[in-house]
Amino acid sequence: MAGDGDQQQSQAGRHLEVGHKSLLQSDALYQYILETSVYPREPESMKELRELTAKHPWNIMTTSADEGQFLNMILKLINAKNTMEIGVYTGYSLLATALALPDDGKILAMDINRENYELGLPIIEKAGVAHKIDFREGPALPVLDQMVEDEKNHGAFDFIFVDADKDNYINYHERLINLVKVGGLIGYDNTLWNGSVVAPPDAPLRKYIRYYRDFVLELNKALAADPRIEICMLPVGDGITLCRRIK
Ligand code: SAM
Ligand code: CA
């Protein structure tokens with residue numbers, strides 16, 4: 001049973017309404033962000049890819065426009081040059097990345113599905129950034145295992161975006177921590193998993209949300225306890241946890 005001291009402790013750890021500004025209060029507020037600062041600044045190619053993706057049956061998988069803008073900004077802030085993306089779909093986050101990198105920048109992009117990547121590829125080509133992309137079709141884990149074997153890949157990446165099979169994120173992390181440079185960033189996407197991370201056990205959840213939920217919860221705990229990284233969980237999109245390698 002929790003004593004008073006424990007209760008006070010957990011009260012002290014709870015956020016206070018005063019000064020609590022990070023969670024959006026309404027859909028209208030999100031729409032405001034999109035219409036005021038995202039859509040007016042969205043490059044034409046990203047708009048075109050977003051509109052094409054919206055017509056695709058699996059469009060729920062795409063990165064949102066505000067998250068694309070965030071990725072583009074952070075890549076420029078850290079002067080990223082050599083990057084990786086796991087989980088491409090039609091390429092919205094890939095294009096956001098490719099546009100942020102210098103002309104000789106590189107993205108190793110992996111997905112088990114080439115068809116969806118090829119839907120967006122003509123738009124990426126038209127934007128003049130396809131030469132930065134090295135697309136590999138297939139599961140990412142064996143590729144990472146192979147890369148880790150070669151010392152020259154250790155610490156080679158400035159930025160890595162992980163947006164694929166959530167049940168593998170922990171496995172990816174154990175490889176990626178070697179491949180990202182000290183001071184570099186790994187971004188794990190969907191770490192709030194549709195808000196289900198705080199859903200009560202009997203909450204009605206869509207099947208795939210329920211299935212992956214425990215993996216996301218485990219990942220979040222593991223990242224918070226990992227001394228090799230500093231972390232920052234942002235409520236952008238479906239939640240993105242930035243991990244900065246420190247050793
Ligand atoms: N970042 C993308 C965007 O901006 O549109 C969205 C990626 S989508 C949420 C997840 C992708 O991960 C799917 O395209 C799926 O084919 C891919 N995927 C699933 N399992 C994978 C694996 N083992 N290795 C590589 N990609 C995988
Ligand atoms: Ca995602």
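Just so we're clear, the structure is a prediction, and the values are computed from it rather than from any experiment. Throughout, residue positions are numbered sequentially from 1 according to the sequence presented.
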| query | For the residue pair L49 and G120, what are the closest heavy atoms and their distance? | reply | CD1-CA, 3.7 Å

| task | Could you check if a side-chain atom of E137 sits within less than 4.5 angstrom of a side-chain atom of D111, using non-hydrogen atoms only? | result | no

| Polar side-chain atom of K132 near backbone of I107 as donor-acceptor pair, under 3.5 Å | no

| field | Expected output: side-chain H131 to main-chain D103 donor-acceptor under 3.5 Å | value | yes

| field | Check: I124 and L94 side chains under 4.5 Å, non-hydrogen atoms | value | yes

| field | Donor-acceptor under 3.5 Å (R245 side chain, V180 main chain) | value | yes

| said: Are more than 12 heavy atoms, taken from residues, nucleotides or ligands other than E51, located less than 6.0 Å from that residue's CD atom? | reply: yes

| note | Rounded to the nearest 0.5 Å, the CZ atom of R210 sits from the CG atom of L205 at a distance of 4.5 Å

| said: Check the orientation of W193 and Y208. Use parallel for under 30°, tilted for 30 to 60°, and perpendicular for over 60°. | reply: perpendicular

| request: State which residues pass side-chain contact (heavy atoms from CB on, under 4.5 Å) with P43; sequence neighbours excluded, sorted by chain then number. | output: S45, M46, L99

| task | Kindly compute the distance separating CD (E115) from OG1 (T90), expressed to the nearest 0.5 Å. | result | 12.5 Å

| message | Checking L176 against V162 for the side-chain contact (heavy atoms from CB on, under 4.5 Å) test, could you report, in this order, the C-alpha distance in whole Å, the side-chain angles of both residues, the deciding distance, and whether it holds? | response | CA-CA 10 Å; L176 297 178; V162 183; 3.5 Å; yes

| request: Please answer: with hydrophobic residues joined when any side-chain heavy atoms are less than 4.5 Å apart, are L75 and I133 in the same cluster? | output: yes

| query | Between D189 (side chain) and D163 (backbone), is there a donor-acceptor pair under 3.5 Å? | reply | no

| field | Atom of L34, atom of P40 and distance for their closest heavy-atom approach | value | O-CD, 3.6 Å

| field | Check: Y172 and D165 side chains under 4.5 Å, non-hydrogen atoms | value | yes

| query | Is a side-chain N or O of Q69 found less than 3.5 angstrom from the main chain of S37, in a donor-acceptor match? | reply | yes

| Distance in Å, K47 NZ paired with L52 CG, rounded so as to fall on 0.5 Å steps | 13.0 Å

| message | So which atom in F135 and which in M110 form the shortest heavy-atom distance, rounded to 0.1 Å? | response | CE1-C, 4.5 Å

| Heavy-atom neighbours of Y32 OH exceed 12 at 6.0 Å | no

| query | Looking at residues at least two apart in the chain, or sitting in another chain, which of them share a ring pair (Phe, Tyr, Trp, His ring centres under 6.0 Å) with Y211? | reply | F215

| Closest non-hydrogen atom pair between A80 and P102, with its separation | O-CD, 3.4 Å

| field | Taking every non-hydrogen atom, the tightest pair across R213 and S196 | value | NE-O, 2.6 Å

| task | Looking only at non-hydrogen atoms, find the nearest pair between L95 and A127 and report the distance. | result | CD1-CB, 4.2 Å

| task | Working to the nearest 0.5 Å, report the span between CZ of R114 and CG of L121. | result | 9.0 Å

| task | Report yes if the side chains of K106 and F157 come closer than 4.5 Å at any heavy-atom pair, otherwise no. | result | no

| request: Could you tell me whether R41 atom CZ has more than 12 heavy atoms of other residues or ligands within 6.0 Å of it? | output: no

| Approximate separation, where rounding is to 0.5 Å, of M84 CE and L108 CG | 5.5 Å

| task | Treat each ILVMFWY residue as a node, draw an edge where side-chain heavy atoms are under 4.5 Å apart, and state whether I112 and L141 are in one component. | result | no

| Do Y169 and Y212 share a hydrophobic cluster, counting only Ile, Leu, Val, Met, Phe, Trp and Tyr and linking them when any side-chain heavy atoms are less than 4.5 Å apart? | no

| query | Are Y188 and I86 in one and the same hydrophobic cluster, where Ile, Leu, Val, Met, Phe, Trp and Tyr link if side-chain heavy atoms are under 4.5 Å apart? | reply | yes

| task | Apply the test side-chain contact (heavy atoms from CB on, under 4.5 Å) to residues M147 and H154: give CA-CA distance (whole Å), side-chain angles for both, the deciding distance (0.1 Å), then the verdict. | result | CA-CA 8 Å; M147 289 176 79; H154 288 202; over 6 Å; no

| Cluster check F70, V38: I/L/V/M/F/W/Y, side chain < 4.5 angstrom | no

| query | Atom CZ in F159, atom CG in L77: separation rounded to 0.5 Å? | reply | 11.5 Å

| side-chain contact (heavy atoms from CB on, under 4.5 Å) assessment of L185 paired with I160 | CA-CA 6 Å; L185 282 182; I160 301 172; over 6 Å; no

| Counterpart residues, side-chain hydrogen bond (donor to acceptor under 3.5 Å, both in side chains), relative to N153 (two or more places apart) | none

| request: Please collect all side-chain hydrogen bond (donor to acceptor under 3.5 Å, both in side chains) contacts where either partner lies in residues 76-87, sequence neighbours excluded, each pair once. | output: N72-K76, K81-D104, E85-S93

| request: Starting from the C-alpha separation in whole Å, work towards a yes-or-no answer on side-chain contact (heavy atoms from CB on, under 4.5 Å) for F161 and I240. | output: CA-CA 10 Å; F161 184 56; I240 175 168; 3.8 Å; yes

Anything under 3.5 Å between a donor and an acceptor, one on a side chain of residues 217-238, the other on a protein residue two or more places apart or in another chain? List them.
from	atom 1	to	atom 2	distance (Å)
N220	ND2	T191	O	2.9
N220	ND2	V216	O	3.4
D226	OD1	R228	N	2.8
D226	OD1	R228	NE	3.0
D226	OD2	H173	NE2	2.8
D226	OD2	R228	NE	3.4
D226	OD2	R228	NH2	2.9
R228	NH1	E174	OE1	3.3
R228	NH2	E174	OE2	3.0
E230	OE1	R244	NH1	2.9
D238	OD1	N194	N	2.6
D238	OD2	N190	ND2	2.8
D238	OD2	N194	N	3.4

| said: Applying side-chain contact (heavy atoms from CB on, under 4.5 Å), can you list everything that pairs with T62, at least two apart in sequence or on another chain? | reply: T53, Y89, Y92

